[in-house]
K.L.:
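Here it is, the structure in full.
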Amino acid sequence: MFIINAPWVGDYWEHRAVLNELILHPANPSHPILLADKPHAFFSPYLVALGWLGHYAHLSASQLLSLAAIGNLLLFVLSIRLLAGIFLPAGNRQLQVAALMAAVLFCWGYDPPNFSSFYHAGTFFFTTPYPSTFSFTLSVLAAACFHYLMHHAVSVLWRLVLAAGIVLLLTTVLLTHPLTFLFGASLFAAIALQAARCKTTSLFRITVSGLGFLILPFALASFWPYYPFYELLGYVEPGNRFHADSRELYSSLYFKLFPLVLLVIFLVRKPGRFITSHLPLLIAMTLLAGLFFYGFFSGSYGFGRMIAFIALLAQVLLVKIAQEEGVRHHKLPFALLVLCCLPFAAVSLKQLVGTAFTTHRQYLKRPVHQPFELTQPAELAHRLQFIETKIPAGALVLTDTICARYVPGLGARIVATPFPLYWITDQEQRLRDARIFFYSGTPASRDSLLQQYQPAFLLLTPTTRYLLPQLTQWTRGQRVYEENGLLLVPLNSSPQTNN
């Protein structure tokens, strides 16, 4: 129902904008958000491959992302199965996968973060088409291949094939979602420790293989033609907005993750045995925690997303403890765990069902929200969809920063975007100009901004439609489109007098 009713919000619209451009120009794409001769950091192997597919199969960006959502969902279930095979003891694998999936989706506290890479029930279905989800599945697949190499004797040819596959998978992850690569590295560290403890492979071979698999992708990534990878890693964006947007990941963590505190109970009861039994997973979590705290103390708050992977490994550990020690031996702790998770599960499932079954027509039948800026994101996206048939691909639209999240995904370019963008050095000035135009400007300042940016269309909401009578020189002779509470206004290239 998600795919049918399309309640997509957030970064989906930026991914869709990127895919629109890659479908039209897969070999030499332009910037998909602004009219700027700059690369975009989302020109990743994942979206580039989808772009080529759409280009030759004549599929739209929305169709491709719907197909990707289905494919990533299947890959995610496979990844949960592989994580169970890597970290859980032998047993009923179907039951393990079901328990681990339930833990990943529902073992959360109050209002967990709604960021990509957080696979709880409140965000999972929204993020299935995202590059981050695809990268997560590839990271686990690469780790499973590494686990197989470390624990099985195979021929030289098969070893080379697996090694090449691991490097290719990790290179794709690194170029598609670099933060997920760090999660993959933590899995490799845990698997290397497993192999060292089992003595199935020499320590030298484990070390060389593990380091080689993690270093080679950085060498290969430098050859990626769609954006300069090393410039991306070292880029300091004016205003540091990517990290600023992630600052909230360091607040109220206890309330968001309190069901996982159960692990502390097991640690305190038998610390020596707990650490010895679960050392590989604990090492992986510790490495990610180090990156998490580095982000806090350095101000690079994007590393706060490591908490999503720490939580996932903690959920794996809870399922491992439940299987190894038995729920019957720890009735009270696990009963408390279930009780702690029930509120989030109930709320998220209720919201999920309500969102999935709300149709396009139902969104449009709702009264226009006052103030319009508080319109629910999914509803706003549906109200805006009419402009896709009114605007030529790539046309420049001047809109406020609320609608600017969605308009590029509908095929247009915009003047200013709230999304963090790399290599765009005047983004803060563009945002200021948009705020001046719509909220605080004078007729003279608005004329100046229209002459500066030369937009082909102006998009007005119920909040900003008061501007239309003030812009008659720019709209004279043009047909104004009014649908779903919004005004789409074609603009003249220069102000027109009465004559």
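Starting from 1, each residue takes its place in the sequence as its number.
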K.L.:
Main chain of Asp11, side chain of Tyr130: is a donor-acceptor contact present, judged purely on distance under 3.5 Å?
P.N.:
yes

K.L.:
Between Trp423 (side chain only) and Leu232 (backbone N and O only), is there a donor and an acceptor less than 3.5 Å apart?
P.N.:
no

K.L.:
Any side-chain heavy-atom pair from Trp13 and Val407 closer than 4.5 angstrom?
P.N.:
no

K.L.:
Verify the distance criterion only: is there a donor paired with an acceptor across the side chains of Arg366 and Gln376 at less than 3.5 Å?
P.N.:
yes

K.L.:
Is any side-chain heavy atom of Trp158 less than 4.5 Å from a side-chain heavy atom of Tyr148?
P.N.:
yes

K.L.:
Do Trp8 and Pro377 come within less than 4.5 Å of each other through their side chains, counting heavy atoms only?
P.N.:
no

K.L.:
Are the ring centres of Phe76 and Phe136 closer than 6.0 Å?
P.N.:
yes

K.L.:
Are side-chain heavy atoms of Leu174 and Phe229 found at a separation under 4.5 Å?
P.N.:
yes

K.L.:
Should Cys403 and Leu384 count as side-chain neighbours, where that means a heavy-atom distance under 4.5 Å?
P.N.:
yes

K.L.:
For the pair His120 (side chain) and Pro113 (backbone), establish whether a donor and an acceptor sit closer than 3.5 Å, ignoring hydrogens and angles.
P.N.:
yes

K.L.:
Hey, could you give me the OG1/CD1 distance between Thr401 and Ile414, rounded to the nearest 0.5 Å?
P.N.:
9.5 Å

K.L.:
To the nearest 0.5 Å, what is the distance between CE (Met150) and CD1 (Ile191)?
P.N.:
9.5 Å

K.L.:
Would you kindly check if the NZ (Lys) or CZ (Arg) of Arg305 is within the cone defined by 45 degrees around the ring axis of Phe115 and under 6.0 Å from the six-membered ring centre?
P.N.:
no

K.L.:
Kindly say whether Ser30 contributes a backbone atom to a donor-acceptor pair with the side chain of Glu21 at under 3.5 angstrom?
P.N.:
yes

K.L.:
Would you say Trp224's side chain and Leu220's backbone share a donor-acceptor pair under 3.5 angstrom?
P.N.:
no

K.L.:
Roughly how far, to the nearest 0.5 Å, is CG of Leu50 from NE2 of His55?
P.N.:
14.5 Å

K.L.:
I'd like to check the salt bridge (charged side-chain N to carboxylate O under 4.0 Å, His left out) partners of Arg16; sequence neighbours left out, ordered by chain and number.
P.N.:
Glu388

K.L.:
Test your reading of the model: is there a side-chain donor-acceptor pair from Thr133 to the backbone of Thr127, 3.5 Å cut-off?
P.N.:
yes

K.L.:
Does the side-chain contact (heavy atoms from CB on, under 4.5 Å) test come out yes or no for Leu249 and Phe118, once each step is laid out?
P.N.:
CA-CA 11 Å; Leu249 293 172; Phe118 286 84; 3.8 Å; yes

K.L.:
Check whether any side-chain N or O of Tyr227 sits under 3.5 Å from a backbone N or O of Leu175 as a donor-acceptor pair, and report yes or no.
P.N.:
yes

K.L.:
Got a second to check how far Leu53's CG is from Leu64's CG, nearest 0.5 Å?
P.N.:
5.5 Å

K.L.:
Check side chain to side chain contact (heavy atoms under 4.5 Å, CB included) between Thr276 and all other residues, then give those that pass, not counting sequence neighbours.
P.N.:
Arg197

K.L.:
Would you check if the side chain of Tyr230 reaches a backbone N or O of Phe218 as a donor-acceptor pair within less than 3.5 Å?
P.N.:
yes

K.L.:
Atom CG of Leu170 and atom OG1 of Thr180: how far apart are they, to the nearest 0.5 Å?
P.N.:
11.5 Å

K.L.:
Does the side chain of Tyr226 pick up a donor-acceptor pair with the side chain of Asn28 at under 3.5 Å?
P.N.:
no

K.L.:
How are the rings of Phe183 and Phe309 set relative to one another: parallel (under 30°), tilted (30 to 60°) or perpendicular (over 60°)?
P.N.:
parallel

K.L.:
Between Phe292 and Phe303, is the ring-ring contact (aromatic ring centres under 6.0 Å, His included) condition met? List the steps.
P.N.:
CA-CA 5 Å; Phe292 178 79; Phe303 286 102; over 10 Å; no

K.L.:
To the closest 0.5 Å, what do you measure between OG1 (Thr286) and CG (Leu291)?
P.N.:
11.5 Å

K.L.:
So, using salt bridge (charged side-chain N to carboxylate O under 4.0 Å, His left out) as the criterion, who are the partners of Glu14 when residues are at least two apart?
P.N.:
none

K.L.:
For the pair His278 (side chain) and Leu281 (backbone), establish whether a donor and an acceptor sit closer than 3.5 Å, ignoring hydrogens and angles.
P.N.:
no

K.L.:
What I want to check is whether the side chains of His382 and His360 have a donor and an acceptor closer together than 3.5 Å.
P.N.:
yes

K.L.:
Given 3.5 Å as the limit, does a donor-acceptor pair link the side chain of Thr128 with the main chain of Phe125, or not?
P.N.:
yes

